[in-house]
Amino acid sequence: MSDIIDRLSSFEELSLLAKYASDEARTNLLADKSRYFQFNKKPVDSDLLHSPDPDEGFASSSSLEDQIFEVIQRKRNSNLHAPLDFKSNPLGTSRKMLEEKISMAPLEAILWTGSFIWVFFQLYKDGPSSFNDNIIAGWIGIIWLGVLLVNVSRKTARIEMSESSATSSDDLIDTPKKYDDDKKKVIYPSIESVNRIFGASKASFRANADDGLLCGVLLLPMVAAAKLADASRKDLDQFHTAYIQVRLELVLFMSVILLLLVFTNEYLHPLKRVIRKRGLFVSSILVSALFTTLITRVSPLTPILAETPITMTIISITMFQWFLYICVVTLKKCFTLGEMCVISQASAAVVHGAAEYICTAYYPDSTPTYLHYSDISPSMVLIHALVVGMVFIGVVTYPLLRQSRRLAQRPYWRSLPTSENASIFQNKKLLIAVAFYIFSAIIVLFIIEPICKAITGENPFMTLDFLYMSPSRMFLCLYWALTVITTVVVWVLILDFNPSTQSDRPFFGSHNGAEGKALTSSLNKKRKLFHALAVIMFVPGVLFELSFLQLAFGVALSGFIYLEYLRYFAVWPWGKSLHVFLTEFIDNRDLGPVILSHIYLLLGCASPVWLGCSNVLASLSGILSLGFGDAAASLIGKRYGRWHWPGTKKTVEGTLAFIVAVFLSSLLIVYSAALLGVDDATRFAASAGPGEWLNYSFVITLTGIFYSKR
């Protein structure tokens, strides 16, 4: 360990090693911190070297330190090739990027505001009579009043902070430090504060990114409003329109709740420990009950949600707050505030959908009117069951998972030196793993399966007939299997082939530009291989078997969640192997406790498909944006990028490549599918004129700009 510390060159790298190292490595690191002080002439904060919380960090493995070194190497190499000089003046560079990002915040706010107003203007023109102009004006007024109050409270807090010489200890943890050589005094720079919730410090949110409050508050309401306007334009039946409208009312309600939580954050900060440990569950239920009663029973803003049983709405709003709390406390540094809001809103909407299905099956007298006359799709029931059921499995088996992680982090090679004790230790891991798998099977067979059968009237496991009854679905499955096998061959023979051994390669501390570029290029190729795989696998599914692809996406998402349980909690026998494999793809957005890159890729491709978009181009939008747009932006931006967006490392050239790649790939796929006789593509190609393509190009441009600011 001592020779490892010698090769570290920054306080940030020492902190990263301390965070993810095993217990033994952390102990040695603490013992050698005096040598690090002599090497860097900077004191090391021993708080960073505390014993790990069982709910934080990566699962330990024999090659974990090598993986940490690779992460540090990628971060260091990316800094070496950045246009700004991070090494010579990291504090000044961070401040400059932050000032640039702040200066661009008004432009980003204008884009979000303009998009929001445009979508709701379309809803005002084409929306149903049940969601009239008074309701639209009321929701817009409440949301923008909340945004205004949040901004005013943030400015007031910033002024008070600048006038006060005291700084919160929570904020000092992640704040960059510079040292006055004359007075030997630590000076903390004035960093722009971000919006927060539950009295949490900024250590709970993803670093090097703005809070994304407008994105979190406006995104899902815009999506739901666009769906409702489209359904009204197509003159769909009133029950299907009401089904969409209740979701719009729900996400608008949750956006208001988030603004309330952000506004009251400064007042809750002194009470955060009491709230977290004792009052969260009670307070969240009380807030949900109070505001649900006010919004749905007193105000006229939710005409359809008012017909829904109030208990169902309270459960959905409570789950929204609990998902936010889990993101803040358990999944630290994984999300920005806006990302937390989007994920929590989507999760609560899925829970609400599952509650609707359960209410229809078990409480028909309390079922809302719009559900009585709506067709229940077995595939959508299975998707809800898979996602909600997988989360339920994690909640029920959490004590077992927690114990598995504790055993994985335990330095048994030191405390259990004999082979007999080591065997006992391995048996404990085996018993916990077997118990976890047994409980998972029990939940699936005796809870999820009976509920699905009660809702759909058929055994969900017999829906495999849904696969065998269609030759096109059989062919699609074979095609997917062949594609995955080909990807594995390409991975093993080309991308993962390295003729030199690990010992022959220079250590990551050496400032070898060619080596750094080669490593960064290799990582980039591996990541973009999966983007290409998404296009190759999912485009045929959208064109030929959309409903089957929806179900396949649900199975894949539930599988990814389950695999993340195995990886993070180091469940025998696959936990360690999954951890070693997935850490090859992490970047600065994956330094929280969970690895999300592959889940984000799946959700980006699946979301438009799950939404049941109005045409084939809309269903393809997520796949094309991530498969072609993201890959083109990365490759062109890294190779030819010269002009950077203020406050980010994204380039203007990369954004232009994103826009061109998505637009050209859309043209190519849609018209090629039309020539092959695909019905949806043929109808769209025949009806789409220059106006539709112009609107589509405008939407792509906005998407590219928002993408460059993330």
Side-chain angles (χ1 to χ4, degrees), residues 54-55 58-59 61 319 323 326-327 330-331 334 343 346-347 350-351 354 379-408 429-452 460-461 463-464 477 480-481 484 530 533-534 537 549-586 590 592-607 610:
D55 293 332
F58 288 83
S61 65
M319 294 304 299
F323 282 126
I326 290 172
C327 291
T330 304
L331 306 179
C334 290
I343 291 172
S347 302
V350 172
V351 171
S379 62
M380 294 306 297
V381 172
L382 286 176
I383 292 171
H384 282 78
L386 286 168
V387 177
V388 177
M390 200 56 62
V391 175
F392 182 72
I393 287 174
V395 172
V396 172
T397 61
Y398 179 72
L400 288 173
L401 295 173
R402 184 184 179 95
Q403 184 63 26
S404 175
R405 179 164 176 78
R406 283 178 171 174
L407 289 177
K429 293 176 63 176
L430 177 61
L431 289 175
I432 290 175
V434 171
F436 171 70
Y437 297 132
I438 291 175
F439 272 106
S440 300
I442 290 174
I443 292 172
V444 171
L445 295 175
F446 297 101
I447 297 179
I448 298 177
E449 188 270 340
I451 293 176
C452 291
F461 295 109
T463 53
L464 289 176
C477 290
W480 286 343
V484 171
F530 288 97
L533 179 65
M537 289 184 66
L549 183 63
Q550 289 177 333
L551 180 58
F553 275 140
V555 174
L557 178 59
S558 61
F560 280 177
I561 295 173
Y562 197 78
L563 291 177
E564 188 61 21
Y565 290 157
L566 301 182
R567 184 205 68 84
Y568 176 71
F569 293 103
V571 179
W572 180 89
W574 298 291
K576 178 179 176 181
S577 300
L578 287 170
H579 177 72
V580 172
F581 175 75
L582 290 176
T583 48
E584 294 190 35
F585 308 99
I586 63 175
D590 281 320
V594 297
I595 299 177
L596 297 168
S597 295
H598 56 298
I599 299 178
Y600 278 155
L601 177 61
L602 178 68
L603 289 176
C605 296
S607 298
W610 282 334

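Checked against side chain to side chain contact (heavy atoms under 4.5 Å, CB included), Ile383 has the following partners two or more places apart in sequence or in another chain: Met380, Gln550, Leu551, Trp610. Residues satisfying the side chain to side chain contact (heavy atoms under 4.5 Å, CB included) criterion with Ala346, sequence neighbours excluded, are Leu220. With sequence neighbours left out, Tyr565 forms a ring pair (Phe, Tyr, Trp, His ring centres under 6.0 Å) with no residue at all. Partners of Phe323 according to the ring pair (Phe, Tyr, Trp, His ring centres under 6.0 Å) rule, which considers only residues two or more places apart in sequence or in another chain, do not exist here. Listed by chain and residue number, Trp480 satisfy the side chain to side chain contact (heavy atoms under 4.5 Å, CB included) test with Ala552 (two or more places apart in sequence, or in another chain). In this structure, the side chain to side chain donor-acceptor pair (under 3.5 Å) partners of Glu564, at least two apart in sequence or on a different chain, are Arg567.
For the pair Cys327/Cys334, no side-chain contact is recorded, criterion being any heavy-atom separation below 4.5 Å from C-beta on.
Judged by distance alone, the side chain of Ser558 and the main-chain N or O of Gly554 form a donor-acceptor pair under 3.5 Å.
Rounded to the nearest 0.5 Å, atoms CG (Leu557) and NE2 (His598) are 9.5 Å apart. Atom CG of Leu431 sits about 10.5 Å away from atom CG of Leu400, to the nearest 0.5 Å. In this structure, Leu602 CG and Ile561 CD1 are separated by 9.5 Å, a value rounded to the nearest 0.5 Å. Interatomic distance, CZ of Phe560 versus OH of Tyr600, reported as 14.5 Å (0.5 Å rounding). Distance check: Cys452 SG to Leu386 CG gives 7.5 Å after rounding to the nearest 0.5 Å. Atom CZ of Phe581 sits about 11.0 Å away from atom CG of Leu563, to the nearest 0.5 Å.
The side chain to side chain contact (heavy atoms under 4.5 Å, CB included) test with Ile599 is passed by exactly one of Leu603, Leu601, Ile595: Leu603.
Closest heavy-atom contact between Val350 and His384: O-CD2, 3.3 Å.
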Would you mind writing out the side-chain donor-acceptor pairs for residues 436-448 within the sub-3.5 Å range, not counting sequence neighbours?
| unit_1 | atom_1 | unit_2 | atom_2 | d |
| --- | --- | --- | --- | --- |
| Tyr437 | OH | Trp572 | O | 2.8 |
| Ser440 | OG | Phe436 | O | 2.8 |
| Ser440 | OG | Tyr562 | OH | 3.2 |

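Every pair tested for salt bridge (Lys or Arg N to Asp or Glu O under 4.0 Å) that includes a residue from residues 381-399 fails, sequence neighbours excluded, so the list is empty.
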**OP:** Starting from the C-alpha separation in whole Å, work towards a yes-or-no answer on side-chain contact (heavy atoms from CB on, under 4.5 Å) for Val484 and Met537.
**Re:** CA-CA 9 Å; Val484 171; Met537 289 184 66; 4.2 Å; yes
